[in-house]
**Q** 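Provided herewith is a single structure, encoded as structure tokens, for subsequent inquiry.
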Amino acid sequence: MEIIHVSAECYPVAKAGGLGDVVGALPKYQCQAGHVAKVVMPMYRTKFLANNEWDVDFEGNTNLGDYFFNYTIIKERTNKLGFDLYLVDIFGLLDREKVYGYDDDTERFTAFQIAVVNWMSSWEHKPDVVHCHDHHTGLIPFMMKNCFAYRNLSFVPTVFTIHNGQYQGTMDWSKSKNIPEYDSWKWGDLDWHNSINPLASAVKCAWKVTTVSQSYMNELRYNSNGLEDLFEYERGKCVGILNGIDNDVWNPETDSYLHDNFKLSTVVSGKKKNKEELCKRFGLNPDLPLIVFIGRLVGEKAAEILPDAINSVLYNMNGQVSFLILGSGDPHIEWQLSNMNGNYPGLYHAVIGYDETLSHNMYAGADFLLMPSRVEPCGLNQMYAMRYGTVPMVRSTGGLQDTVVDMGAWEGFGIRFNNATVSDVHYSVSRAVSVYQDKTHFNWMRKHMMQIDHSWESTVEQYLNIYRSLK
Ligand code: ADP
């Protein structure tokens, strides 16, 4: 089967979160299963671009409304990532360093999608499925179905995966001029509440819709930033498939980012060494249980409760636990967390920014990983933590609920709580401190978690079954 993945992110080319990890791994494992999976994404000016070799695959031109543009598609020469990787260059729109965060993101991603569809429609053969990821590629199922110029793609099945339904790419109807000409009576396929909504459009137009966990699929019908009725209506074509993790990248035995590698039989000593190194670097007391947070500092992750929760814990449980934070996002939360540096010597440190190397060392050196998320479609952090023997402390939501079993249950290995509140976090920290002191139980949990199979190998088949069902 030939599968074309279209995405704004793909690790290690460009990553801002879990979307990048998934699109960097799923195609690789699809290829290993004997299929031809390809990824097409924008040609940002990243290190990966500069450090690898490329061939020009295609040169074309098309329109974004009145704006005529040329685009170039380049292909990575050596199949380095385990799949064919294509980058789309559009001068003046995609040639930027960052993935998101520009005032013209709407135009950038609309032009990217038009170029991808324009390119595919020029192929002599057609792929078996076009698999789009998140709202940045959400107009593609509509364009393949309804745009006059791309009628030759209308019979190609489309699958749309929602990694995060909170972001929908909504744009004003005045931007409809940017979309290639389509049957005007199909305007309803683009619309949601009087705006063009690419996420809603993809849910309407894609042949099949998936989300990255079963619980999140169910939650979207009650809490999806205004699309609840749509998910209720389209539930028949929606499926939840839990993400896997890339065990080639996330393996404590071989991870080249780690200060000290370790495996199941050396987990206790290996984690101790990594923890000592982390604590030395950030001035923390290595004798205390170390709780870390890694992630975007935004409301979805309940990051704004961290300052109060940590202050409350460190004030009331002084000297019993330490915290290390890595994240970036809301400037006010960044400011609050970094301002606390120095307030609790040996007990607290925050690093503001995005640091892949440090994140791996934190999964390896921490005792607990805190995720109080309000919304967590799948969550990869808790799965990385488990693979590195770090106990997840998570709010029971979305993929966190599907992957973490509370230590109070039979064979449980994590800590779960119900509310994104200071008191629930505080109570969970006290449970963490107690179990940390019970070394036999704690080490059993570590070893048990490390052996849980979250590999893509077992997940890939579920996607293939969906593609097969569309033929
Ligand atoms: P989301 O995609 O919602 O941000 P996920 O849990 O699906 O959340 O994926 C988060 C990914 O991004 C993980 O690989 C995590 O380690 C990484 N990550 C998030 N923030 C940072 C950061 N500040 N530095 C390094 N890695 C980060």
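If you're wondering where the values come from, they're calculated on a predicted model, not measured in any experiment. Just follow the structure's listing: the first ligand is 1, and inside any ligand the first atom is 1.
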**Q** Can you list the steps and then say if Ser396 with Arg416 is a side-chain hydrogen bond (donor to acceptor under 3.5 Å, both in side chains)?
**A** CA-CA 6 Å; Ser396 297; Arg416 273 174 45 170; 3.0 Å; yes

**Q** Could you go step by step and tell me if Ser455 and Asp453 meet the side-chain hydrogen bond (donor to acceptor under 3.5 Å, both in side chains) rule?
**A** CA-CA 6 Å; Ser455 65; Asp453 181 13; 2.7 Å; yes

**Q** Under the criterion side-chain hydrogen bond (donor to acceptor under 3.5 Å, both in side chains), I'd like the reasoning laid out for Ser195 against Thr170: C-alpha separation, chi angles, the key distance, then a yes or no.
**A** CA-CA 6 Å; Ser195 295; Thr170 307; 6.0 Å; no

**Q** How far apart are the C-alpha atoms of Lys301 and Asp330, what are their side-chain angles, what is the distance that settles it, and do they pass the salt bridge (Lys or Arg N to Asp or Glu O under 4.0 Å) test?
**A** CA-CA 11 Å; Lys301 305 281 178 196; Asp330 181 328; over 6 Å; no

**Q** Just by distance, with hydrogens left out, do Arg281 and Asn361 show a side-chain donor and acceptor under 3.5 Å apart?
**A**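 Absent: no donor and acceptor within the cut-off.
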
**Q** Is there a side-chain contact (heavy atoms from CB on, under 4.5 Å) between Val321 and Phe368 once you walk through the steps?
**A** CA-CA 11 Å; Val321 64; Phe368 299 91; over 6 Å; no

**Q** Show me the short polar-atom pairs for ligand 1: any N or O of it lying under 3.5 Å from a protein N or O, with distances only.
**A**
from: ligand 1; atom 1: 2 (O); to: Gly18; atom 2: N; distance (Å): 2.6
from: ligand 1; atom 1: 3 (O); to: Arg296; atom 2: NH2; distance (Å): 2.8
from: ligand 1; atom 1: 3 (O); to: Lys301; atom 2: NZ; distance (Å): 2.8
from: ligand 1; atom 1: 4 (O); to: Arg296; atom 2: NE; distance (Å): 2.8
from: ligand 1; atom 1: 6 (O); to: Leu380; atom 2: N; distance (Å): 3.0
from: ligand 1; atom 1: 6 (O); to: Asn381; atom 2: OD1; distance (Å): 2.9
from: ligand 1; atom 1: 8 (O); to: Lys301; atom 2: NZ; distance (Å): 3.2
from: ligand 1; atom 1: 9 (O); to: Gly18; atom 2: N; distance (Å): 3.1
from: ligand 1; atom 1: 14 (O); to: Lys15; atom 2: NZ; distance (Å): 2.8
from: ligand 1; atom 1: 14 (O); to: Asp21; atom 2: OD2; distance (Å): 2.7
from: ligand 1; atom 1: 16 (O); to: Tyr363; atom 2: OH; distance (Å): 2.7
from: ligand 1; atom 1: 23 (N); to: Gly353; atom 2: O; distance (Å): 2.8
from: ligand 1; atom 1: 24 (N); to: Asp355; atom 2: N; distance (Å): 3.0

